[in-house]
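Right, one structure below, let's go through it.
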Amino acid sequence: EELCAEALRLGRVLAALAPDEAEVHGLVALMEFQSSRLRARVDAEGAPILLENQDRTRWDRAQIQRGVTALGAAAQALQHRGSGWGPYALQAALAECHAVAPSTAATDWHRIVMLYDALLGLTTSPVVALNRAVAVAMADPDNGPRAALDIVDHLDGLDGSPALPGVRAELLQRLGRHAEAADEFDRAAALADNDRERDVLMAKAARARVG
């Protein structure tokens with residue numbers, strides 16, 4: 001938390017020194033949104049709590065509002081320059097969608113998909129593509145998981161990362177393919193280099209096997 005606070009302090013200083021730089025405001029907004037959830041990210045034993053399970057009353061609403069203000073400053077700077085959104089501002093806009101939503105279900109997933117499309121126009125990162133697949137699944141509960149699984153199955157560049165089998169497992173679970181989901185959760189757990197993350201994935205594998 002001290003590291004995040006210092007990064008934010010430096011970001012705010014930089015924004016004051018370069019008020020016309022949209023990406024500086026975008027970076028500050030991104031850090032505000034992400035660090036606003038610090039108190040809700042882990043339980044009393046230090047185990048990670050996934051976004052959809054976090055107690056949103058523990059999110060720092062003042063910090064979220066500062067993020068909204070910083071993102072607005074980025075938008076103004078972009079309008080003044082007549083240029084397009086950069087990666088930090090787009091990531092901040094994505095974080096804002098989560099930060100202002102009252103619940104996972106009420107999140108504007110369609111907007112998130114569009115923002116990921118824009119971000120993919122600036123980067124070829126497979127992580128961005130993977131996150132977009134998750135958003136596709138959430139945006140359309142009926143057909144989204146199958147479409148997202150097709151996206152995930154054609155991704156390259158994430159070998160050795162637990163993220164790919166972890167997301168694939170979640171999608172298989174939503175499609176009712178529980179045994180396959182359990183195997184993918186096991187694969188993700190084997191690739192995880194964090195004990196807490198490994199425990200969460202192994203617990204998910206056990207629940208998937210029960211169906």
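Basis for what follows: all heavy atoms, side chains included, without hydrogens, waters or symmetry-related copies.
Counting only distance, with no hydrogens or angles, the side chain of R198 and the backbone of A192 share a donor-acceptor pair below 3.5 Å. Judged by distance alone, with hydrogens and angles left aside, the side-chain atoms of E6 form no donor-acceptor pair with the main-chain N or O of E2 at under 3.5 Å. With H25 contributing its side chain and P19 its backbone, the two residues share a donor-acceptor pair below 3.5 Å.
Between I64 and S36 the shortest heavy-atom distance is CG1-OG, 3.4 Å. Residues S35 and C4 approach most closely at CB-CB, 4.4 Å, considering heavy atoms. Closest heavy-atom contact between C97 and T107: O-CG2, 3.9 Å. Of all heavy-atom pairs spanning L155 and P126, the tightest one is CD1-O, 4.2 Å. Annotation for R168 and V152: closest pair CB-CG1, 4.3 Å, computed over non-hydrogen atoms. The shortest non-hydrogen separation linking D140 to P145 is O-CD, 3.4 Å.
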TODO: For Q173 and E180, run side chain to side chain contact (heavy atoms under 4.5 Å, CB included): C-alpha distance rounded to whole Å, both residues' side-chain angles, the deciding distance at 0.1 Å, then the answer.
DONE: CA-CA 8 Å; Q173 183 92 314; E180 293 174 80; over 6 Å; no
- [ ] Show the numbers, then the answer: is there a side chain to side chain contact (heavy atoms under 4.5 Å, CB included) between E32 and E96?
- [x] CA-CA 10 Å; E32 295 279 14; E96 181 188 40; over 6 Å; no
Task: Trace of the side chain to side chain contact (heavy atoms under 4.5 Å, CB included) decision for E184 with V167 - done: CA-CA 9 Å; E184 288 295 288; V167 168; over 6 Å; no
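Taking D117 as the reference, R132 meet the salt bridge (Lys or Arg N to Asp or Glu O under 4.0 Å) condition, with sequence neighbours excluded.
By the rule that hydrophobic residues join a cluster once side-chain heavy atoms approach within less than 4.5 Å of another member, W85 and V128 end up as members of one cluster. By the criterion of side-chain heavy atoms lying less than 4.5 angstrom apart, applied directly or through intervening Ile, Leu, Val, Met, Phe, Trp or Tyr residues, I112 is grouped together with L90 in one hydrophobic cluster.
Within 6.0 Å of CG in D193 there are 12 or fewer heavy atoms belonging to other residues, nucleotides or ligands.
Looking at P162 and R187, their side chains never come closer than 4.5 Å, going by heavy atoms from C-beta outward.
Between D186 and R209 there is a salt bridge, with a side-chain nitrogen of the basic residue lying less than 4.0 Å from a carboxylate oxygen of the acidic one.
The hydrophobic cluster around I49 extends to none of the other residues, as no ILVMFWY side-chain heavy atom falls under 4.5 Å of it. Other members of the hydrophobic cluster containing L8, listed by chain and number, are L27, V28, L30, M31, Y88; membership follows side-chain contacts under 4.5 Å among ILVMFWY residues, whether direct or relayed. Side-chain heavy-atom separations under 4.5 angstrom define the hydrophobic clusters, and the remaining members of the one that includes L201 are F185.
Applying the ring pair (Phe, Tyr, Trp, His ring centres under 6.0 Å) rule to pairs touching residues 89-133 yields H98-W109, sequence neighbours excluded. Here side-chain hydrogen bond (donor to acceptor under 3.5 Å, both in side chains) pairs that include residues 38-53, with residues two or more places apart or in two chains, number zero.
Side chain to side chain, T104 and R56 meet the donor-acceptor criterion of an N or O pair below 3.5 Å.
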